[in-house]
Amino acid sequence: MNIAIIGSGYVGLVTGVCLAEIGHKVTCVDNNAEKIKLLKKLKSPIYEPGLEFLLKSNVRKKRLSFLTSVTQASKKADVIFIAVGTPSRKDGDADLTYVEKAACEIAEGMDSYKVIVEKSTVPAQTGKRIERAINLTLSKRNKNKKTKRIDFDVASNPEFLREGSAITDFMNPDRIVIGVQSKRAEKMLRDVYKPLKARLIVTDMNSAEIIKHASNSFLATKISFINAVSQICDRVGANVLEVAEGMGFDKRIGKEFLSSGIGYGGSCFPKDVDAFVHLSQKSGYDFDLLKEVRNVNENQKKSFVKMIEESLWIVKNKTIGVLGLSFKSNTDDMRNAPSLDIIRALQKEGAKIKAYDPQAMPKAKEVLKSVKFVKDAYEVAKGADCLLLLTEWEEFKKLNFRKIHQLMNHALIFDGRNFYDKKQLEKLGFEYFGIGTASV
Ligand code: UDX
């Protein structure tokens with residue numbers, strides 16, 4: 001099928017590249033000419049394992065191309081995905097300016113039946129608004145040029161990709177949700193995803209939109225729940241790792257998303273929880289549970305900083321070494337990374353920060369001031385009064401801790417992800433602080 005993807009950000013680019021990989025002819029569009037130039041040179045603007053490889057091979061097979069014009073790309077496409085940014089406004093609501101703009105530009109170029117699919121995370125009823133924006137543009141066109149009426153369908157197909165494992169997630173989804181208004185659109189979308197042989201859930205459009213909000217908010221709730229439990233564990237002398245394991249073996253609960261730490265970050269959970277709280281309020285329901293999920297997440301970072309302050313006693317002029325900056329491993333994404341709040345809070349107390357991240361340093365340099373970025377973990381350790389593990393990169397598991405111990409000024413480790421074995425590090429002479437593991 002001929003497919004156009006409007007917006008070559010995280011979701012758009014991964015979706016476009018993967019749809020090309022499963023055999024479709026895809027045009028990825030972005031209004032950022034620099035980005036399109038980079039993509040045409042076969043370079044990925046984001047770090048995502050496997051993405052650049054697939055990008056190169058599908059361009060070479062002539063299944064993938066790039067454009068800056070939405071109208072031009074939409075013209076030859078059967079299915080058009082809208083995957084533009086939907087940033088949060090100050091009140092938590094999603095800013096849909098780019099979605100509306102994309103819808104109007106698609107309508108400008110429409111000359112045959114199309115399915116327009118919203119893939120960006122949007123509030124419920126956005127599909128209806130897209131439909132209206134397209135209809136308005138089409139009537140204006142008809143009035144001016146007296147062209148014949150063109151049929152189209154709007155559908156919703158929320159994205160569940162995780163950064164760092166986006167390609168695998170796309171190719172092996174737990175389920176694909178499509179919210180449609182007609183059998184014709186359903187058939188087209190079934191055809192798009194047929195090569196994946198995945199479980200397809202077909203709903204109405206509003207329900208598909210809510211599935212996305214509810215899924216991400218539920219996962220955020222699971223993380224905040226275990227983080228709240230970790231606070232109790234520290235106070236009563238229990239081990240949150242064992243508690244999570246004991247809970248997770250119950251199939252109804254499940255093992256995933258029960259890792260306690262410095263809280264969730266990224267471009268999705270914080271934004272989606274805000275948007276769901278806002279949407280609920282607007283619809284007349286106060287989703288207090290989700291507000292508390294947010295509070296627990298913020299407190300998790302604060303209590304981590306407090307633990308560091310209490311152990312160091314005087315923070316001013318101490319050198320704090322930071323391992324990992326991105327919001328999670330296998331990505332260079334710094335959006336809402338817990339490391340940002342933690343580093344800024346310690347800088348406020350007068351700490352000197354030295355940091356290293358395998359991928360995120362270029363992006364971190366744009367948002368963090370007065371941090372000394374160094375070339376590896378050993379440079380971070382050199383002369384440091386303590387180490388903070390803020391992102392669970394695999395390479396930090398393989399460090400030579402005897403060497404780290406020798407390099408440090410004081411051998412203190414604050415593990416924000418419960419990533420290390422406390423007993424092993426203590427054997428090597430470290431003082432170790434985890435989250436909810438005080439009793440270990
Ligand atoms: C998330 C959803 O998982 C995905 O379905 C959606 O499409 C986009 O948002 P992503 O933000 O890429 O994906 O990362 P994810 O792996 O879900 O982690 C989100 C945050 O939660 C990270 O900061 C991570 O460190 C944290 N997390 C995750 C925990 O603190 N504990 C856990 O047990 C799991």
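First listed ligand is number 1; within each ligand, the first listed atom is number 1. Worth saying up front: this structure is predicted, and the values here are computed from it rather than measured.
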What part of Arg417, side chain, backbone, both or neither, has a heavy atom within less than 4.0 angstrom of ligand 1? side chain

Region of Leu258 that comes within reach of ligand 1 [heavy atoms, distance under 4.0 Å]: backbone

Please check whether Ser259 reaches ligand 1 - meaning an N/O of the residue sits under 3.5 Å from an N/O of the ligand, judged on distance alone. yes

Any cation-pi pair here, Lys354 with Phe373, using under 6.0 Å and within 45°? no

Indicate yes or no: does an N/O atom of Ser267 lie under 3.5 Å from an N/O atom of ligand 1? no

Is it true that Arg294 and Glu298 have a side-chain N and a carboxylate O under 4.0 angstrom from each other? no

May I ask you to check if ligand 1 and Phe269 share an N or O to N or O distance below 3.5 Å? no

Taking Lys328 first and then Asp333, would you say they form a salt bridge - that is, a charged N and a carboxylate O separated by under 4.0 Å? no

As an exercise, identify every atom of ligand 1 less than 4.0 angstrom from a heavy atom of Glu159. 7 (O)

For Gly266, is at least one N or O under 3.5 Å away from an N or O on ligand 1? no

For Gly261 and ligand 1, answer yes if some heavy atom of the residue is under 4.0 Å from a ligand atom, otherwise no. no

For Gly265 and ligand 1, does the shortest N/O to N/O distance drop below 3.5 Å? yes

Counting heavy atoms only, which part of Lys212 comes closer than 4.0 Å to ligand 1: side chain, backbone, both or neither? side chain

Enumerated ligand 1 atoms positioned under 4.0 Å from heavy atoms of Lys328: 10 (P), 12 (O), 14 (O), 15 (P), 16 (O), 25 (O)

At under 4.0 Å between heavy atoms, what of Leu161 touches ligand 1? The answer is backbone

Does the pair Glu100/Arg132 count as a salt bridge with the N-to-O cut at 4.0 Å? no

Decide salt bridge (Lys or Arg N to Asp or Glu O under 4.0 Å) for Arg190 and Glu186; before the verdict, give the C-alpha distance in whole Å, the side-chain angles of both, and the deciding distance to 0.1 Å. CA-CA 6 Å; Arg190 280 189 185 278; Glu186 179 184 334; 3.0 Å; yes

Among all protein non-hydrogen atoms, which one is nearest to atom 8 (C) of ligand 1, and what is the separation to 0.1 Å? Cys268 SG, 3.1 Å

Do Glu163 and ligand 1 have an N or O pair less than 3.5 Å apart? yes

Are any side-chain N or O atoms of Asp357 and backbone N or O atoms of Leu325, one a donor and one an acceptor, separated by less than 3.5 Å? yes

Non-hydrogen atoms of Lys222 and Gly254 that approach each other most closely: NZ-O, 3.4 Å

Less than 6.0 angstrom from the centroid, inside 45 degrees of the normal: does Lys375 satisfy that with respect to the ring of Tyr356? no

Is it the case that ligand 1 has an N or O less than 3.5 angstrom from some N or O of Phe327? yes

Atom 17 (O) of ligand 1: closest protein heavy atom, distance to 0.1 Å, is Phe257 CZ, 3.3 Å

Specify whether Phe414 and Phe433 have parallel, tilted or perpendicular ring planes, treating 30° as the upper limit for parallel and 60° as the lower limit for perpendicular. parallel

Compute the ring centroids of Phe401 and Tyr420, then answer whether they are less than 6.0 Å apart. yes

I need the nearest protein heavy-atom contact for atom 13 (O) of ligand 1: residue, atom name and distance, please. Arg162 CG, 3.6 Å

